[in-house]
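Right, one structure below, let's go through it.
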Amino acid sequence: MGAPYPRSPRLEGGAEPSFLPSSSSVWTALGRCAPPSMQGNTRRTGVMTDVHRRFLQLLMTHGVLEECDVKRLQKHCYKVHDCNATVEKLEDFINTINSVLESLYIEIKKGVTEDDGRPIYALVNLATTSVSKMASDFAENELDLFRKALELIIDSDTGFASSTNILNLVDQLKGKKMRKKEAEHVLQKFVQNKWLIEKEGEFTLHGRAILEMDQYIRETYPDAVKVCNICRSLLIQGQSCETCGIRMHLPCVAKYFQSSSEPHCPHCNDYWPHEVPEVFDPEKERETGMSRSNKRPSRSRQH
Amino acid sequence: MADENGSLREAGAGGKTRAQAVVTIPSSAYFLKQVEEEEEVEALKVEVAAASDTESDTSSDDLSCGKADIDPSLLERVDEEKCRSIRKQYRQLIYTVQQNRDDIVNTASDSLTEALEEANVLFDAVSRTREAALDSQFLVLASDLGKEKAKHLNSDMNFFNQVAFCDFLFIFVGLNWMEDDERDPLNNCDDNIALSFWETVQKEATSCISQAETFHFLFGSFKPESAARKPRRNHRRKVQKMEENGVMPTKLRKLDLSGNQEATEKEVERILGLLQTYFRKYPDTPVSYFEFVIDPNSFSRTVENIFYVSFIIRDGFARIRLDQDRLPILEPININLAGEGNDPSFHSRKQGVISLSLQDWKNIVAAFEISEAMITNSY
């Protein structure tokens with residue numbers, strides 16, 4: 001046979017091949033340094049080890065984690081199993097896990113919180129199967145409550161739905177009749193499980209819910225869905241231009257207007273009336289040592 | 001009955017052939033044979049009768065009708081062969097069970113049950129006491145084995161006392177007050193107690209059982225919804241006023257009654273501001289007290305105004321005194337002048353009580369011709 005040609009490796013199900021040639025490893029084998037353009041493109045999927053499995057189980061317990069916690073978790077998993085191995089790059093680490101989870105329609109997705117711009121990682125379910133319909137944590141009426149709350153959040157201007165409005169819809173729920181007091185508990189359960197965020201009596205979607213329900217929202221509410229002008233992804237909270245109506249995520253606004261002193265709308269060039277937030281800097285976060293739970297958002301909600 | 005006829009015919013035919021084959025049988029032999037035939041017939045008849053009788057007996061047992069008198073056919077000669085075979089089978093059964101005694105007692109097999117069922121079948125054919133005695137002997141043996149099997153079970157249970165365990169469990173969870181109840185304690189268990197019970201047990205149990213968390217998700221749990229959504233109105237509003245959303249609160253919170261204190265302070269300050277504005281606008285003109293506090297449209301507002309003004313006077317921002325017409329007037333007190341020559345008057349404060357009835361209020365409104373309130377509303 002000839003020399004192994006570079007190809008992107010494919011894994012099926014839980015198969016663990018003993019050796020996966022990837023293009024950059026082939027280049028290094030040939031004794032040359034790989035061209036920089038190639039290094040970024042190939043998805044290096046390594047072997048799934050116990051380190052990966054422990055990480056996956058821990059992420060499954062939390063559901064969603066911030067990037068700093070994720071890195072710490074990765075180091076912890078390495079320490080538990082294999083002290084001497086070099087800690088793999090986070091992106092490759094997660095790609096390895098994702099390639100194994102592909103056949104189960106589960107994925108670790110990376111996203112950004114809408115109010116702070118923090119990067120988060122969430123384990124999400126991608127498909128509706130007969131198993132997923134049965135294996136839910138919530139009862140039918142609780143799921144219907146979430147769906148109604150989701151609809152209100154999508155339809156609202158600010159991305160927030162007031163609790164009174166949600167509770168007023170409790171009578172129309174499918175399934176067992178739910179009292180208003182129970183509905184309040186269910187909403188708190190959603191907040192605890194990180195599906196909703198509550199702020200001053202109003203609810204909006206947590207980053208985890210946005211990552212998981214992205215496809216569902218686009219399919220079910222195609223006319224009401226709002227899209228960020230810059231990153232083109234789903235928008236729940238954000239700032240909007242008053243003349244032309246385009247919307248942008250707060251972290252996107254921060255990045256776009258980072259260096260300009262007079263922000264102008266990218267679409268209509270009108271003066272941008274809202275306060276431009278700061279770009280999220282993980283180094284600064286670590287220095288000040290503020291944890292996420294203690295910090296209260298300093299910016300006022302803008303639409 | 002058909003069988004009987006058939007057998008009779010056979011007997012008859014057999015007899016005839018026998019008679020034909022042996023021609024030179026002496027008449028006595030033939031007679032004997034005849035008697036044998038008769039006996040055979042008789043035996044068959046009796047057997048059939050006995051069978052039918054036992055059948056009727058068992059049927060009478062099932063129907064439990066009181067047929068207490070014994071059928072006389074039972075007391076007659078029974079077929080010895082049959083009885084012997086029944087006895088033989090019983091003895092065999094007893095022997096088998098005795099041989100396999102250890103097996104039956106120690107293993108969890110159904111062999112004892114099967115033996116009992118076999119004995120049941122045998123007993124159906126029993127008509128004499130001799131066989132019945134054997135049957136009872138087998139039953140005694142079977143019940144002995146059964147008792148041993150039960151004892152085997154109990155010997156394990158002695159080490160685990162269920163009642164004591166339940167008591168300990170309740171104490172662990174903190175529900176030991178329930179032991180005093182004579183009624184079943186689970187009846188008056190409401191949801192919260194049951195929930196806290198399981199939560200406490202779960203905390204202990206999860207530390208012993210290592211278990212990985214399951215996968216929690218939301219997408220995929222919805223059943224496909226019919227896309228019957230009305231088209232969303234275009235909500236693009238250039239200017240969004242908060243007042244347009246209405247006065248409905250976004251979150252229902254408990255009424256904060258202690259906030260009333262703040263409200264009083266705010267009101268007093270507001271009225272003080274109004275008073276000072278007036279004094280700035282018209283310097284050196286004290287305002288008539290009644291004209292200031294009275295609200296011609298609302299008596300309750302008037303009383304409130306008097307209340308707030310009294311605070312202002314108490315705090316020393318204004319002064320009330322009688323003018324030349326002996327009507328009360330409000331005068332401003334400059335804070336700067338407070339330290340100069342006003343100390344004696346400052347210390348000798350007088351207290352007064354103003355009483356105002358509805359009629360008085362109306363009279364004052366008419367007398368002073370007050371058309372509108374000086375203290376305007378903030379809302």
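Reckoned from all heavy atoms, side chains included, excluding hydrogens, waters and symmetry mates. Bear in mind the structure is a predicted one, so any value in this text is a computation, not a measurement. In what follows, chains carry the letters A, B, and so on, assigned in the order in which the sequence lines appear, proteins first and then strands, with residues in each chain numbered from 1.
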Practice task
Among Leu56(A), Thr61(A), Asn125(A), find the residue that satisfies the side chain to side chain contact (heavy atoms under 4.5 Å, CB included) test when tested with Phe215(B).
Solution key: Asn125(A)
Exercise for the section: Answer yes or no: is there a side-chain heavy-atom contact under 4.5 Å between Phe217(B) and Ser132(A)? Expected result: yes
Problem - Whether over 12 other heavy atoms sit under 6.0 Å from Gln172(A) CD - result: yes
Exercise for the section: Counting only heavy atoms closer than 4.5 Å, note whether Ala135(A) contacts chain B via side chain, backbone, both or neither. Expected result: both
Practice task
Taking atom NE2 of His81(A) as the centre, report whether more than 12 heavy atoms of other residues, nucleotides or ligands fall under 6.0 Å from it.
Solution key: yes
Exercise for the section: Tell me, yes or no, whether the heavy-atom count around His264(A) atom NE2, taken from other residues, nucleotides or ligands under 6.0 Å, exceeds 12. Expected result: yes
Exercise for the section: Would you mind checking which part of Tyr105(A) comes under 4.5 Å of any heavy atom in chain B, side chain (CB onward), backbone (N, CA, C, O), both or neither? Expected result: neither
Exercise for the section: Tell me, out of Thr129(A), Val124(A), Leu123(A), Val131(A), who's got the most heavy-atom pairs with chain B below 4.5 Å. Expected result: Leu123(A)
Handout entry: Rounded distance [0.5 Å steps], CD in Glu212(A) versus NE2 in His216(B)
Key = 12.0 Å
Handout entry: Selection from Met134(A), Met60(A), Gln57(A), Gln215(A) maximising heavy-atom pairs under 4.5 Å formed with chain B
Key = Met60(A)
Fill in the blank from the handout: Between the CD atom in Glu142(A) and the CG atom in Leu218(B), the distance rounded to the nearest 0.5 Å is 10.5 Å
Practice task
Working to the nearest 0.5 Å, report the span between CZ of Phe219(B) and CG of Leu126(A).
Solution key: 7.5 Å
